[in-house]
Amino acid sequence: MEKMFKIYVYKEGEPPIFHNGPCRSIYSSEGRFIHELEKGNFYTTEDPDEALVYFLPFSVVMLVQYLYEPETSNTDAIGRTVVDYIDVISGKYPYWNRSLGADHFMLSCHDWGPRTSSYVPHLFHKSIRVLCNANTSEGFNPSKDASFPEINLLTGEVEGLLGGPSPSHRSILAFFAGRLHGYIRYLLLNEWKDKRDPDVQVFDQLPKGVSYMSKLKNSRFCLCPSGYEVASPRIVEAIYAECVPVLISDNYVPAFSDVLNWKSFSIQIAVKDIPNIKKILMGVSQRQYLRMQRRVKQVQRHFVVNATPKRYDVFHMINHSIWLRRLNIHVRDFHQS
C-alpha cells in the first residue's frame, strides 16, 4: 500500500469550509487528517491521472459552523454547497463521472456526515464515506464505507494521555462520566448514577476536585455509551488510558474492524443489558481481563495521533481502510457501461 496508494486532493474550494478543519476539539480527527493530506507528505500525488482515489476536501464541521441556520434548523445551504462542489469537479475533471464517484472519498467526524452526503445520491451510495458516525441504521455500509475513530484532542497533542497503572493498581471495576446526551446515556445514568456503587461508578458530573483522567486510569473497564449518535470519543480515551473499553451501542461499526478484532480487547454490551453491566463485567475472569488489557496496550498505537505520522498510527490506519475499500472498485466497469 505504501508504494502504490496515491490520493489526489481536489484543489477547488477555499478555506475555511474547504481544505481546513478543527484540530483541537471533539472533531480533531477530521481536522488532523485534512491537515496531513494538505501537507502532502504521505500518499498524495499532484497528478490526478496516477491517483487511485480522489479526496473531496470539504469539512462537514466547517459547513455546519458557517452555513447551518439553527433558528430554522435548515440544512439546505450545507446540501447546496456539497451539490455545487460535486458539480464543479465533475464538470472540470473526468474522474467522478467515469466511476460515478466510487473511487472518491469524503471524511467527516461530525454527526451530520451521513446527512451531508445524502444530498448527492452517488456520494451517499457509491463513494467511500469515512465517518465517525458509522451507523448502519443510517446507511453506513461497511463494505464501501470506513469507520473513523472520534478523538477529542483539547490541546491538539496526546502528551500525558497515554498509559496508566498496571491492572493490579486499578481499583474501580467500571467508570463513566458524561452529561445526558441521547437515549442510551439516559438509560445508563438512570440505572447506575444514584446507586453509589464503588465498583460501577457512573456520573453525569464528577465531584469537584476529582480528575476525569485519573478515574479512567484507575478503572479496569471504561464504559463507552453512544450519545445522540453512535460515535464516542470515550472509546479512544479508554484505549489511551489502557482501560478495556465497554461499547454500549446499537448499529455501530468500530474503527478498523477489517484488521482489528475488537472482541479481543473490548466488551460489547447490548443496550438492553445496561442493568446487567456489573454482572457481565464481574463474569470476566482475571485471566481473560489481563489478556484483554494487554491487547488494549498493543492496539493503542493504531489510535495515536502523531505530529508527524508514524507507520501504523491512526493516520496510516485510516488510509489503509480507504485503500482496502478502493481494492473492491473496478473503475473500468463503470467506464464501459
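In what follows, residues are counted from 1 in the order of the sequence shown.
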Query - Nearest heavy-atom neighbours spanning Pro225 and Ile184 - result: CB-CG2, 3.9 Å
Query - Tyr119-Thr75 side chain donor-acceptor pair, cut-off 3.5 Å - result: yes
**Report entry** Sub-4.5 Å side-chain heavy-atom contact between Leu247 and Leu223
**Finding:** no
Query raised in the report: Does a side chain donor of either Glu237 or Asn152 reach within less than 3.5 Å of an acceptor in the other side chain?
Result: no
**Report entry** Whichever hydrophobic residues join Tyr27 through chains of side-chain contacts under 4.5 Å
**Finding:** Ile26, Val61
Requested in this report: Say whether Tyr312 and His320, considering side chains only, have a donor N or O and an acceptor N or O under 3.5 Å apart.
Outcome: no
**Report entry** Within 6.0 angstrom of Tyr212 OH, more than 12 heavy atoms from elsewhere
**Finding:** yes
Report summary line: Contacts of Arg295 meeting side-chain hydrogen bond (donor to acceptor under 3.5 Å, both in side chains) (sequence neighbours excluded), chain-then-number -> none
Report task. Go through the side-chain N and O atoms of Gln286 and Arg220 and say whether any donor and acceptor fall under 3.5 Å apart. Result -> yes
Requested in this report: Working to the nearest 0.5 Å, report the span between OG1 of Thr45 and CD1 of Ile7.
Outcome: 10.5 Å
Query raised in the report: Rounded to the nearest 0.5 Å, what separation is found between the CZ atom of Arg185 and the OG atom of Ser226?
Result: 8.5 Å
Query raised in the report: Above 12 or not: heavy atoms from other molecules or residues under 6.0 Å from CD of Gln205?
Result: no
Query raised in the report: Minimum heavy-atom separation for Asn261 to Ser264, with atom names?
Result: O-OG, 2.7 Å
Query raised in the report: Only one of Asp258, Asp145, Asn141 clears side chain to side chain donor-acceptor pair (under 3.5 Å) with Arg325; which?
Result: Asp258
Query raised in the report: Under 4.5 Å between any side-chain heavy atoms of Pro114 and Leu131, yes or no?
Result: yes
Query raised in the report: Atom NZ in Lys6, atom CG in Asp49: separation rounded to 0.5 Å?
Result: 14.0 Å
Query raised in the report: Do Met213 and Val305 belong to the same hydrophobic cluster, where Ile, Leu, Val, Met, Phe, Trp and Tyr are linked whenever their side-chain heavy atoms lie under 4.5 Å apart, directly or via other members?
Result: yes
Query raised in the report: Is the His181 to Tyr186 ring centre distance short of 6.0 Å?
Result: no
Report task. For the residue pair Lys263 and Gln268, confirm or rule out a side-chain donor-acceptor distance under 3.5 Å. Result -> no
Query raised in the report: For the rings on His302 and Phe256, is their centre-to-centre separation under 6.0 Å?
Result: no
Report summary line: disulfide bond (SG atoms under 2.5 Å apart) filter on Cys224, not counting sequence neighbours, yields none
Report summary line: side chain to side chain contact (heavy atoms under 4.5 Å, CB included) with Ser29: of Cys109, Pro22, Pro233, only one passes, and it is Cys109
Query raised in the report: Under the side-chain hydrogen bond (donor to acceptor under 3.5 Å, both in side chains) test, which residues partner Asn135, sequence neighbours left out?
Result: Ser137
**Report entry** Residue pair Val200 / Lys195, side-chain heavy-atom distance below 4.5 Å
**Finding:** no
Query raised in the report: Could you go step by step and tell me if Trp192 and Phe176 meet the ring pair (Phe, Tyr, Trp, His ring centres under 6.0 Å) rule?
Result: CA-CA 10 Å; Trp192 290 100; Phe176 170 80; over 10 Å; no
Query raised in the report: What do you reckon, is CE of Met282 surrounded by more than 12 foreign heavy atoms closer than 6.0 Å?
Result: no
Query raised in the report: Got Val259 and Met317 here, is their nearest side-chain heavy-atom distance under 4.5 Å?
Result: yes
Query - Beyond-backbone contact of Asn328 with Ser143, side-chain heavy atoms, under 4.5 angstrom - result: no
Report task. Tell me, please, which residues at least two apart from Asn306 pass side-chain hydrogen bond (donor to acceptor under 3.5 Å, both in side chains). Result -> Asp313
Requested in this report: Side-chain contact test, heavy atoms from C-beta onward, threshold under 4.5 Å: evaluate it for Ile151 versus Arg32 and give yes or no.
Outcome: no
Query raised in the report: Does Arg326 make a cation-pi contact with Trp323 (under 6.0 Å, within 45 degrees of the axis)?
Result: no
Report task. With rounding to the nearest 0.5 Å, note down the distance linking CG in Asp87 to NZ in Lys92. Result -> 14.5 Å
Query - Heavy atoms from other residues, nucleotides or ligands near CD of Glu46 exceed 12 (cutoff 6.0 Å) - result: no
Report task. State plainly whether one hydrophobic cluster holds both Val9 and Val82, where clusters connect Ile, Leu, Val, Met, Phe, Trp and Tyr through side-chain heavy atoms under 4.5 angstrom apart. Result -> no
Query raised in the report: Between CG of Leu52 and CE of Met1, what distance do you get to the nearest 0.5 Å?
Result: 11.0 Å
Query raised in the report: Do the side chains of Phe140 and Trp262 join up, straight or via other hydrophobic residues, at under 4.5 Å, putting them in one cluster?
Result: no
Report task. Find the distance between CD1 (Ile248) and CZ (Arg234) and round it off to the nearest 0.5 Å. Result -> 11.0 Å
Report task. Look at the rings of Tyr10 and Tyr8 and say which category their plane angle falls in: under 30° parallel, 30 to 60° tilted, over 60° perpendicular. Result -> perpendicular
Query raised in the report: With side chains defined as the heavy atoms from C-beta onward, is the minimum distance between Asp204 and Arg179 less than 4.5 Å?
Result: no
Requested in this report: Report the relative orientation of the aromatic rings in Phe148 and Phe33; use parallel for angles under 30°, tilted for 30 to 60°, perpendicular for over 60°.
Outcome: perpendicular
Requested in this report: Please examine the side chains of Tyr240 and Phe303, heavy atoms only from C-beta on, and report whether any two atoms are closer than 4.5 Å.
Outcome: yes
Report task. Might you point out which heavy atoms bring Pro149 and Val314 nearest each other, and give the distance in Å? Result -> CG-CG2, 3.7 Å
Query raised in the report: Just wondering, are more than 12 heavy atoms of other shown residues or ligands nearer than 6.0 Å to NZ in Lys297?
Result: no
Query raised in the report: With a 3.5 Å cut-off and no angle check, do the side chains of Tyr93 and Glu12 form a donor-acceptor pair?
Result: yes
Query raised in the report: What is the minimum heavy-atom distance between Asp197 and Lys278, and which atoms define it?
Result: OD2-NZ, 3.1 Å
Query raised in the report: Is the NZ or CZ atom of Arg129 positioned over Phe124's six-membered ring, under 6.0 angstrom from the centre and within 45° of the axis?
Result: yes
Report task. State which residue, out of Tyr85, Phe58, Trp96, fulfils the ring-ring contact (aromatic ring centres under 6.0 Å, His included) condition with His104. Result -> Trp96
Requested in this report: Applying ring pair (Phe, Tyr, Trp, His ring centres under 6.0 Å), name anything that partners Phe221, two or more places apart in sequence or on another chain.
Outcome: Tyr289
Query - Heavy atoms from other residues, nucleotides or ligands near CD of Glu14 exceed 12 (cutoff 6.0 Å) - result: no
Query raised in the report: Is Arg311 paired with Glu2 through a side-chain N to carboxylate O contact shorter than 4.0 Å?
Result: yes
Query raised in the report: In this structure, are over 12 heavy atoms from other groups packed under 6.0 Å from Lys310 atom NZ?
Result: no
Requested in this report: Verify the cluster assignment for Leu107 and Ile128: are they in a single hydrophobic cluster under the rule of side-chain heavy atoms below 4.5 Å apart?
Outcome: yes
Query raised in the report: Are Ile318 and Val60 in one and the same hydrophobic cluster, where Ile, Leu, Val, Met, Phe, Trp and Tyr link if side-chain heavy atoms are under 4.5 Å apart?
Result: no
